[in-house]
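See structure below.
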Amino acid sequence: MDACELMNEEEIISLFYSKNHQDSLNILIPLAENGNEIAQYFLGTMFLSPIDNTISLDREKGFLFLKMSAKKRYIPALEYLGNLYAYSDLIESNPQTAHTYFYLAALIQKNTDIGYHQIIEDEFKLSNNEILASIKRVTECMERGFDSCYLFN
């Protein structure tokens, strides 16, 4: 087993901030391909919000890696996707989809009493029907499994 395959979250975060994106890609891509949700998350953020000029914005790759990470229930990926659908110009705004990602993150954490989903409800003035539809989608994803969840395809 390659040493890179054994990198933990702290090591990946350190790598992300200590190297330029191109150097990080060479290490993170094999990790992501082997299913590391943390590497997938950081690749997604790198492609959607490059902070240096060593790589270019790539929406398709960014969303692909973020959704791979979110499918594995990685909370930062779910919340990043929620923020993208609520506030980013990289994708058409969809507050209800943002709510769905945030609610899913809250449900996984077993804490739906508070969370970003409530901020979306208030800020975008979601109707009760929109909120209930979002909750229904999350429930379906939890019951069917994330592999068949529309949020990750």
Side-chain angles (χ1 to χ4, degrees), residues 4-17 21 24-25 27-51 55 57-153:
C4 287
E5 292 178 42
L6 302 174
M7 291 181 75
N8 64 32
E9 185 172 30
E10 186 176 303
E11 292 166 327
I12 292 172
I13 292 168
S14 177
L15 168 74
F16 178 80
Y17 288 109
H21 280 344
S24 296
L25 280 178
I27 297 169
L28 293 178
I29 295 251
L31 285 171
E33 289 172 348
N34 284 325
N36 184 303
E37 67 274 12
I38 302 155
Q40 292 165 344
Y41 166 76
F42 279 103
L43 284 169
T45 63
M46 285 168 56
F47 283 117
L48 291 174
S49 303
I51 56 175
I55 65 168
L57 172 72
D58 189 327
R59 288 181 183 99
E60 187 176 330
K61 284 182 182 178
F63 277 101
L64 174 70
F65 281 115
L66 274 178
K67 287 182 178 187
M68 289 168 64
S69 178
K71 186 186 272 192
K72 293 188 172 187
R73 303 174 186 229
Y74 189 58
I75 300 302
L78 291 163
E79 291 176 346
Y80 195 93
L81 285 162
N83 277 308
L84 287 170
Y85 278 95
Y87 306 111
S88 176
D89 59 359
L90 293 174
I91 193 163
E92 185 176 336
S93 179
N94 188 327
Q96 188 175 14
T97 299
H99 181 274
T100 304
Y101 280 113
F102 285 130
Y103 190 82
L104 183 54
L107 189 62
I108 291 168
Q109 295 176 91
K110 297 178 177 34
N111 192 9
T112 57
D113 293 340
I114 59 168
Y116 294 120
H117 63 285
Q118 292 174 322
I119 294 169
I120 297 297
E121 291 171 14
D122 294 340
E123 184 174 339
F124 292 96
K125 301 188 183 348
L126 294 183
S127 70
N128 283 339
N129 286 341
E130 290 172 313
I131 294 166
L132 291 174
S134 177
I135 292 170
K136 181 180 179 193
R137 288 185 191 118
V138 167
T139 303
E140 289 171 356
C141 286
M142 295 293 283
E143 288 173 354
R144 291 185 188 161
F146 282 25
D147 286 334
S148 61
C149 181
Y150 84 98
L151 289 169
F152 310 118
N153 299 324

Flag, side chain of S93 to backbone of D89, donor-acceptor distance under 3.5 Å: no
Nearest heavy atoms of I114 and A106, plus distance in Å: O-CB, 4.4 Å
Stacked cation flag R59 on F47, 6.0 angstrom / 45 deg: no
Nearest-0.5 Å distance that lies between atom NZ in K71 and atom CG in D147: 5.0 Å
side-chain contact (heavy atoms from CB on, under 4.5 Å) between T45 and F16, worked out: CA-CA 10 Å; T45 63; F16 178 80; 4.1 Å; yes
Note, L104 side chain near F146 side chain (heavy atom, < 4.5 Å): yes
Distance in Å, N94 CG paired with L84 CG, rounded so as to fall on 0.5 Å steps: 12.0 Å
Heavy-atom pair of closest approach, residues L48 and L90: O-CD1, 3.4 Å
A98 to G82 - nearest heavy-atom pair and separation: CB-O, 3.2 Å
The single option from E143, K136, M142 passing side chain to side chain contact (heavy atoms under 4.5 Å, CB included) against T139: E143
Test item: Y87 and I120 side chains (from C-beta on) under 4.5 Å apart, heavy atoms: yes
Pairwise side-chain contact, I75 with Q109, heavy-atom cut-off 4.5 Å (strictly under): yes
Worked check of side-chain contact (heavy atoms from CB on, under 4.5 Å) between M46 and L28: CA-CA 11 Å; M46 285 168 56; L28 293 178; 3.8 Å; yes
pair C149-E140: side-chain heavy atoms closer than 4.5 Å: no
Donor-acceptor pair between H99 and E121 side chains, under 3.5 angstrom: yes
Any F65 side-chain heavy atom under 4.5 Å of E60 side chain: no
Student check: side-chain heavy atoms of R137 and Y150 closer than 4.5 Å: yes
Minimum heavy-atom distance between L66 and G44, given as atom pair plus value: CG-CA, 3.9 Å
Within-4.5 Å side-chain heavy-atom neighbours: P95 and L126: yes
Exceeds 12 heavy-atom contacts within 6.0 angstrom, atom OH of Y85: yes
Side-chain donor/acceptor of Q96 to backbone N/O of E130, under 3.5 Å: yes
Close side-chain approach of K67 to L151, heavy-atom, < 4.5 Å: no
Minimum-distance pair of heavy atoms, taken over all atoms of Q118 and D113: NE2-O, 2.9 Å
Backbone of A32 reached by a side-chain donor or acceptor of N36 within 3.5 Å: no
is_close_aromatic(H117, F102), centroid dist under 6.0 Å: no
CD1 on I12 to OH on Y41, rounded to 0.5 Å: 12.5 Å
Minimum-distance pair of heavy atoms, taken over all atoms of L25 and P30: O-CD, 4.2 Å
Nearest-0.5 Å distance that lies between atom CD1 in I55 and atom OG in S24: 8.5 Å
Residue pair S49 / Y80, side-chain donor-acceptor N/O under 3.5 Å: yes
Residues N8, E11; criterion side-chain contact (heavy atoms from CB on, under 4.5 Å); working and verdict: CA-CA 5 Å; N8 64 32; E11 292 166 327; 3.3 Å; yes
More than 12 heavy atoms of other groups within 6.0 Å of N128 CG: no
K61/L43 under side-chain contact (heavy atoms from CB on, under 4.5 Å): CA gap, chis, key distance, verdict: CA-CA 8 Å; K61 284 182 182 178; L43 284 169; over 6 Å; no
Separation between CD1 of I135 and OG1 of T112, rounded to the nearest 0.5 Å: 8.0 Å
OH on Y103 to SG on C141, rounded to 0.5 Å: 13.0 Å
